[in-house]
Amino acid sequence: MASSSSVLLVVALFAVFLGSAHGIPKVPPGPNITATYGDKWLDAKSTWYGKPTAAGPKDNGGACGYKDVDKPPFSGMTGCGNTPIFKSGRGCGSCFEIKCTKPEACSGEPVVVHITDDNEEPIAAYHFDLSGIAFGSMAKKGDEQKLRSAGEVEIQFRRVKCKYPEGTKVTFHVEKGSNPNYLALLVKFVAGDGDVVAVDIKEKGKDKWIALKESWGAIWRIDTPEVLKGPFTVRYTTEGGTKGEAKDVIPEGWKADTAYESK
Ligand SMILES: *[C@@H]1O[C@H](CO)[C@@H](O)[C@H](O)[C@H]1NC(C)=O
């Protein structure tokens, strides 16, 4: 009896040992990457998710609330940031140069990715869980699949200003469920810092800016007993303090689940 229970104890201890040896080590997240941290290259780990040549999640969305991230201007060059990069949604839309030099399939050339999603797996201080497209784009030409088969690689990254192809407009998506007492706006394709820290709206003919609150991801909302009447001018502030304004961008007869582009 005694010997069988000590065998059990040994087996149990061995299982704990194996578990910790093979389990994911928990690495605390690094400090937030802000718009002003500079242009220093930092170390990170990168993994990928979704299909090898797709943009990430099945619905081409993610924790920022963007949809169609497989289409321009993101074109699948997207990924999840961990806590100091995703920043509870504040990091949505921010842009990073990333590159890898090992394994052999890495090109070492920087590519730009956009943060569209969240990943909190504690595998590194900084972690980019990229779309198959973005991960593969760090490879030498023709070696994309070879690099993807490595699964996880050490990379270097730095924050850069977002640049979108000419003609890309800052876009305000009025979210599903919005109505005259509840307006939720998703703001996307903001050049420069890329991430938005404040959104205000102003009804036509009024002088008062109304501040929206952070909802989730890149979505800002307001709930109000007063009826909101369009057209609305929208003002947004980026993390570095730059303000942009889209005059009367949301028309009088606006509809939910519709995108409006700044002129
Ligand atoms: C990092 O950013 C998030 C989101 O803005 C914020 O809530 C958190 O306090 C920041 N952490 C530090 C250490 O500044």
> Side chain of T116, backbone of G62: donor and acceptor closer than 3.5 Å?
Replying inline: no
> Would you say the side chain of W48 lies within less than 4.5 Å of the side chain of R148, judging by non-hydrogen atoms?
Replying inline: yes
>> Ignoring hydrogens, what is the shortest heavy-atom contact between W220 and V196? Give both atom names and the distance.
In response: CZ2-O, 3.5 Å
>> D248 and salt bridge (Lys or Arg N to Asp or Glu O under 4.0 Å): which single residue from K202, K204, K263 fits?
In response: K204
> So do the side chains of Q156 and L42 get within less than 4.5 Å of each other, counting heavy atoms only?
Replying inline: no
> Is any side-chain N of the basic residue among E203 and K208 closer than 4.0 Å to the acidic one's carboxylate O?
Replying inline: no
> At their closest point, which heavy atom of I201 faces which heavy atom of L183, and how far apart are they?
Replying inline: CD1-CD2, 3.8 Å
> Do the side chain of D68 and the main chain of K71 share a donor and acceptor less than 3.5 angstrom apart?
Replying inline: no
>> Under a 3.5 Å distance rule, please check whether S215 uses its side chain to pair with a backbone N or O of R221 as donor and acceptor.
In response: no
>> Please check: side-chain N/O of D223 versus main-chain N/O of Y182, any donor-acceptor pairing under 3.5 Å?
In response: no
>> Quick one, N82 with E121, criterion side chain to side chain donor-acceptor pair (under 3.5 Å). Give me CA distance, side-chain angles, the key distance, then yes/no.
In response: CA-CA 7 Å; N82 70 336; E121 251 179 295; over 6 Å; no
Could you pull out every donor-acceptor pair under 3.5 Å between side chains of residues 249-258 and any protein atom, sequence neighbours left out?
unit_1, atom_1, unit_2, atom_2, d
E252, OE2, K229, NZ, 3.4
D257, OD1, H173, NE2, 3.4
T258, OG1, K255, O, 3.2
T258, OG1, A256, O, 3.1

> If you take all heavy atoms of R159 and E239, which pair is closest and at what distance?
Replying inline: NH1-OE1, 2.9 Å
> Do any N or O atoms from the side chain of T78 and from the backbone of A55 form a donor-acceptor pair under 3.5 angstrom?
Replying inline: yes
>> Once rounded to the nearest 0.5 Å, what's the spacing between atom OG1 of T224 and atom CG of L212?
In response: 11.0 Å
> Taking all atoms of both residues into account, what is the closest heavy-atom pair of P57 and Y49, and its distance?
Replying inline: CD-OH, 3.4 Å
>> Under the rule for salt bridge (charged side-chain N to carboxylate O under 4.0 Å, His left out), what residues qualify as partners of K51, not counting sequence neighbours?
In response: none
> Taking the side chain from T168 and the backbone from E166, do they hold a donor-acceptor pair closer than 3.5 Å?
Replying inline: no
>> Determine whether a donor-acceptor pair (N or O, by modelled atom type, separation under 3.5 Å) exists between the side chain of S131 and the backbone of G76.
In response: yes
>> I'd like to know if the side chain of N119 reaches the main chain of G81, judged simply by a donor and an acceptor atom lying under 3.5 Å from each other, with no hydrogens or angles considered.
In response: no
>> On a heavy-atom basis, which atom in P84 and which in A125 lie closest, and how many Å separate them?
In response: CG-O, 3.7 Å
>> Between K146 and A139 (side chain of the first, backbone of the second, donor and acceptor by atom type, cut-off under 3.5 Å), is there such a pair?
In response: no
> What is the ring orientation for F189 with F74, classed by angle as parallel under 30°, tilted 30 to 60°, or perpendicular over 60°?
Replying inline: perpendicular
>> How long is the straight-line distance from NZ of K67 back to CG of N60, given to the nearest 0.5 Å?
In response: 9.0 Å
>> Exactly one of I85, V197, N32 should register a side-chain contact (heavy atoms from CB on, under 4.5 Å) with R90. Which one does?
In response: V197
>> List the residues meeting disulfide bond (SG atoms under 2.5 Å apart) with C100, not counting sequence neighbours, and say none if there are none.
In response: C106
